[in-house]
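Below, read A as the first sequence line, B as the second, and so on, with proteins coming before strands; counting in each chain starts at 1.
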2 protein chains.
Amino acid sequence: MVATRAGVSAATVSLVTSGKTAGRVSKENIAKVAAAVDELGYVVDGLGSSLAKGRSNIVILVAPDVSNPFYAKVIAGIRDAVGDEYQLLLSVTEAGQTPEPEDVKNLLALRPAGLLVEAPSARFLAELRSTGPMVLLDTAGIESAAPSVNFDVASGSRMLADHLGEQGHRNVAYLDSATGTETFRVRREAFCRHASGLGVDVVATATSTIDVGAAALAFAQDWPEWAAKGVTAVVCATDTHAYGVLQEARVVGIRVPAELAVTGFDDLPYSATSNPGLTTVHLPAMEMGRMAGKQLRRLMEGEEVAVAQLTLNGTLVVRGSTDASARG
Amino acid sequence: MVATRAGVSAATVSLVTSGKTAGRVSKENIAKVAAAVDELGYVVDGLGSSLAKGRSNIVILVAPDVSNPFYAKVIAGIRDAVGDEYQLLLSVTEAGQTPEPEDVKNLLALRPAGLLVEAPSARFLAELRSTGPMVLLDTAGIESAAPSVNFDVASGSRMLADHLGEQGHRNVAYLDSATGTETFRVRREAFCRHASGLGVDVVATATSTIDVGAAALAFAQDWPEWAAKGVTAVVCATDTHAYGVLQEARVVGIRVPAELAVTGFDDLPYSATSNPGLTTVHLPAMEMGRMAGKQLRRLMEGEEVAVAQLTLNGTLVVRGSTDASARG
DNA sequence: CTGAAAGCGCTTACAG
DNA sequence: CTGAAAGCGCTTACAG
């Protein structure tokens with residue numbers, strides 16, 4: 001330990017660097033150590049420190065697909081809540097994949113102070129022998145004993161169905177996400193069930209990956225059939241899908257919302273400024289990150305969480321893409 | 001060490017788990033250890049292991065803004081090249097911020113096997129006392145002794161200028177990025193210099209953050225003035241800016257490319273499917289990640305890199321947004 | 001208030 | 001081929 005030379009003692013340095021000097025180290029020594037640390041540009045070695053303490057100060061977020069503006073907000077919320085005594089690091093799985101147990105096994109060897117897992121698969125939860133503080137995000141439709149923070153996407157879907165029903169739609173199409181994530185299954189099923197109770201029928205379904213181009217293509221292929229079935233609205237699993245529909249509609253000359261209403265889900269930034277603006281379910285991403293971070297923090301500090309399963313509600317944001325007054 | 005009990009020895013286990021059994025451990029013992037490891041679900045503790053070896057097996061990528069489809073590709077390339085004996089982890093700075101020395105200081109305490117830094121600031125490079133393998137990505141305009149992989153964005157800008165000149169444009173506007181990243185300065189300056197040599201003048205400039213809505217707004221505000229100056233093309237610092245222009249043009253009823261040509265930079269996935277398709281400079285993101293990963297790998301294995309400064313060329317992709325045949 | 005000592009979980013020469 | 005031993009850089013009771 002380099003700083004030892006410059007100062008006086010050995011263990012004392014540790015006390016100083018970890019800020020545990022309260023009534024244990026003289027002012028003189030604190031000053032000496034501080035000076036030495038400065039001169040030598042010393043930084044506590046995380047490895048040795050962590051090994052001695054039994055765990056590191058890193059918090060790992062395992063996320064499926066960071067290249068989504070949605071996650072950027074979640075991450076911002078997490079960082080906010082976790083604080084800087086922990087080091088937040090991301091482990092990104094292959095694009096579109098949900099995290100698998102193998103991915104986490106190696107991560108666990110790092111002895112993280114805490115683990116945050118976004119959109120885990122059912123298999124993941126079954127196999128993972130959790131070792132330490134962990135909170136799950138976005139586990140829609142999967143039950144688990146681990147603390148989690150979720151969106152109530154089902155209620156969002158119902159609000160969408162209500163809105164469409166009020167606007168007079170009777171036959172709608174559903175453009176689903178091709179990734180098998182649970183949240184999308186829940187979104188669709190909740191919508192279909194609630195809608196049918198209102199006399200709004202989902203008469204056709206298509207799927208595409210979460211990509212504007214792919215969604216546009218899927219819509220282009222199915223639109224003739226949908227039109228023949230009297231479809232007047234397309235409900236999309238995500239805003240991204242909706243952008244594809246909006247784009248293709250413009251190309252083909254379908255007027256939105258006059259001929260066709262379009263809805264999204266997520267409320268990405270672009271949805272407020274697109275033309276027309278997109279009616280969608282706003283999901284409080286940053287808030288989700290913040291809550292997950294808070295829960296984890298509590299766990300890392302050895303406390304219990306008051307409520308293990310947290311649910312955040314979405315809100316319906318009505319914009320131009322479903323404006324009934326524009327309809328013939 | 002738990003596995004000891006189940007097997008026979010202590011150090012032997014280490015030999016087995018690290019695969020250094022070549023002529024050093026009997027087959028019987030290898031089998032015994034393997035069995036014990038299986039039964040106990042043992043995983044080598046990364047902390048102890050790293051401390052003993054002097055460094056960890058984690059590779060940290062410090063990136064400014066992961067919520068950009070562009071980075072997803074870079075990351076995929078890196079993962080590809082770095083291989084799975086290393087653990088790739090991301091450290092994300094606040095949105096739009098370039099990495100600062102403080103961010104990395106804490107990261108360094110983790111004793112990473114290697115460090116990848118995307119779009120570092122000049123201050124960053126000046127202050128960082130590099131401790132170990134490191135390669136820089138996207139350092140456009142900044143000189144540094146550290147190995148780096150860059151795009152030759154200047155040549156991309158020149159190709160754009162050539163293209164616009166050939167199409168007969170004489171007065172163009174430039175929509176720049178508000179973030180002060182070097183690459184944007186280089187893009188703009190290279191464009192302006194080369195264009196003026198061709199008789200193409202940049203008669204107006206605006207800036208906005210890298211956001212479709214913000215870009216649309218900036219364009220909306222300045223368009224009347226630009227139109228008055230006879231602007232027939234808008235050159236955007238990124239594809240995202242161009243999307244904003246495309247969107248606003250549609251709202252206001254400006255025909256692209258008939259009345260106004262629009263160009264981007266980066267070639268994000270959406271640019272191929274937008275309407276009209278966006279003329280832009282394709283930057284090989286995945287390739288950049290792959291090269292950076294390879295360079296770092298060499299460094300981590302104690303070898304020298306053959307060439308320290310690597311540069312990748314962009315290519316001009318001409319699409320509908322600059323189709324001169326549509327002009328009056 | 002302070003230092004000597006043990007120990008965190010591994011790996012790596014080093015004898016046998 | 002195999003085990004005992006030292007050591008990686010820290011932290012934390014424990015005597016003084």
Can you tell me the distance, in whole Å, between the NZ atom of B/Lys53 and the C1' atom of D/dG9? 17 Å

Heavy-atom distance under 4.5 Å between the side chains of B/Leu116 and B/Ile60, does that happen here? no

OP1 or OP2 of D/dC10 versus the side-chain N and O atoms of A/Ser50: is any pair under 4.0 Å? no

With A/Asp45, which residues qualify under side-chain hydrogen bond (donor to acceptor under 3.5 Å, both in side chains), at least two apart? B/Arg111

Is the distance from OP1 or OP2 of D/dC10 to the nearest side-chain N or O of A/Tyr42 less than 4.0 Å? yes

With B/Val135, the side-chain contact (heavy atoms from CB on, under 4.5 Å) member among B/Leu115, B/Leu299, B/Val305: B/Leu299

Residues that A/Asp211 engages under salt bridge (Lys or Arg N to Asp or Glu O under 4.0 Å), provided they are two or more places apart: none

Of all the base pairs, Watson-Crick or G-U under 3.5 Å, which form stems of three or more consecutive pairs involving DNA chain D? C:1-3 with D:14-16, C:5-12 with D:5-12, C:14-16 with D:1-3

Among residues at least two apart in sequence or on other chains, which ones pass side-chain hydrogen bond (donor to acceptor under 3.5 Å, both in side chains) with B/Thr238? B/His241

Respond yes when some side-chain nitrogen or oxygen of B/Ser49 is under 4.0 Å from OP1 or OP2 of C/dG9, and no when none is. no

From CG of A/Leu40 over to P of D/dG9, roughly how many Å is that when rounded to an integer? 14 Å

Nearest-Å distance for atom pair CG/C1', residues A/Asn57 and D/dC10: 13 Å

Of B/Gly48 and B/Lys20, the one whose closest nucleotide on DNA chain C sits nearer the 5' end is B/Gly48

If the cut-off is 4.0 Å, is B/Lys27 near the phosphate of D/dC1, judged by side-chain N/O to OP1 or OP2? no

Starting from C1' on D/dG9, measure out to CG on A/Asp45 and report it in whole angstrom. 6 Å

When the distance from NZ of A/Lys32 to P of C/dT2 is rounded to whole Å, what number comes out? 8 Å

Check: B/Glu118 side chain, B/Val74 main-chain N or O, donor-acceptor pair, under 3.5 Å: no

Check nucleotides 4-7 of chain C for protein N or O atoms closer than 3.5 Å to its own N or O atoms and list the pairs.
none

Between A/Val43 and B/Leu15, which is nearer to the 5' end of DNA chain D once each is assigned its nearest nucleotide? B/Leu15

B/Glu303: side chain to side chain contact (heavy atoms under 4.5 Å, CB included) partners, not counting sequence neighbours: B/Arg298, B/Glu301

List the residues meeting side chain to side chain contact (heavy atoms under 4.5 Å, CB included) with A/Ser148, not counting sequence neighbours, and say none if there are none. A/Leu136, A/Thr139, A/Asn150, A/Gln309

Find the distance A/Leu110:CG to C/dC10:C1' and express it as a whole number of Å. 14 Å

Once side chain to side chain contact (heavy atoms under 4.5 Å, CB included) is applied, do any residues pair with A/Ser18, and if so which ones, sequence neighbours excluded? A/Lys20

Per nearest nucleotide of DNA chain D, the residue lying toward the 5' end, B/Gly54 or B/Asn29, is B/Asn29

Give the nucleotide from the list C/dT11, C/dC1, C/dC8 with an atom nearest to the side chain of A/Leu51. C/dC8

Partner set under side chain to side chain contact (heavy atoms under 4.5 Å, CB included) for A/Glu287, not counting sequence neighbours: A/Pro284, A/Arg290, A/Met291, A/Leu312

Could you pull out all residues at least two apart from A/Glu304 that satisfy salt bridge (Lys or Arg N to Asp or Glu O under 4.0 Å)? none

Tell me whether the side-chain N/O atoms of A/Ser14 come closer than 4.0 Å to OP1 or OP2 in D/dT11. yes

What protein N or O atoms touch nucleotides 14-16 of chain D N or O atoms at under 3.5 angstrom, if any, and at what distances?
none

Picking from D/dG9, D/dT11, D/dT2, the nucleotide nearest the side-chain atoms of B/Thr12 would be D/dT2

Residues forming a salt bridge (Lys or Arg N to Asp or Glu O under 4.0 Å) with B/Asp266, sequence neighbours excluded: B/Arg187

